[in-house]
Amino acid sequence: MNGRELSVTGEYLGSLDHGADWRAEIEAFADEHEVDAGWFWAMGAVQDVKLWYYDQTDREYRSVSFDEPLEVASCVGNVANLDGERFAHTHMVLSRQSGQSLAGHLDTATVFAGECHLRAFERPLEREYDEATGLDLWL
Ligand code: ZN
């Protein structure tokens, strides 16, 4: 376990702009408040989504897209620095009209409406390539 004690420096609430990209909105929110380490929760609805699934054997993300209105039943993620920019690592559980769910690592989604709670921490989080997984993990 690579752990640390946290000092919370701020709590922010925001609503995402209709038609914007979901993850870009969260990253812009982190930029606005200069959050270099944070945790967030969000919910709402999107007009489409592109999710990624990490293939642990091939060490590649596989993408799957859904061009339909979906509820964001749950969205959780964190903010860290990756290659000198703030990156919102974002996971989502989405639901269709039938109640059937879809889930994964978010690449892009067009916001219909969304609400986000971002908690900021004092010490910046940095991501760097990890040999064991092939992923960019926290230092
Ligand atoms: Zn992920």
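Residue numbers start at 1 and run along the sequence shown. Both ligands and their constituent atoms are indexed starting at 1 by order of listing.
- By the criterion of side-chain heavy atoms lying less than 4.5 angstrom apart, applied directly or through intervening Ile, Leu, Val, Met, Phe, Trp or Tyr residues, Trp39 is grouped together with Val8 in one hydrophobic cluster.
- Protein N, O or S atom count below 2.8 Å of the Zn ion (ligand 1): the structure gives 3.
- The heavy-atom pair separating Gly44 from Trp22 by the smallest distance is N-CH2, 4.1 Å.
- Closest non-hydrogen pair, Leu82 versus Arg127, comes out as CD1-CB, 3.8 Å.
- Partners of Tyr12 according to the ring pair (Phe, Tyr, Trp, His ring centres under 6.0 Å) rule, which considers only residues two or more places apart in sequence or in another chain, are His33.
- With a 6.0 Å radius and a threshold of 12 heavy atoms from other residues, nucleotides or ligands, Phe112 has its CZ atom at or below the threshold.
- Between the side chains of Asp48 and Thr110, a donor-acceptor pair is found at a separation under 3.5 Å.
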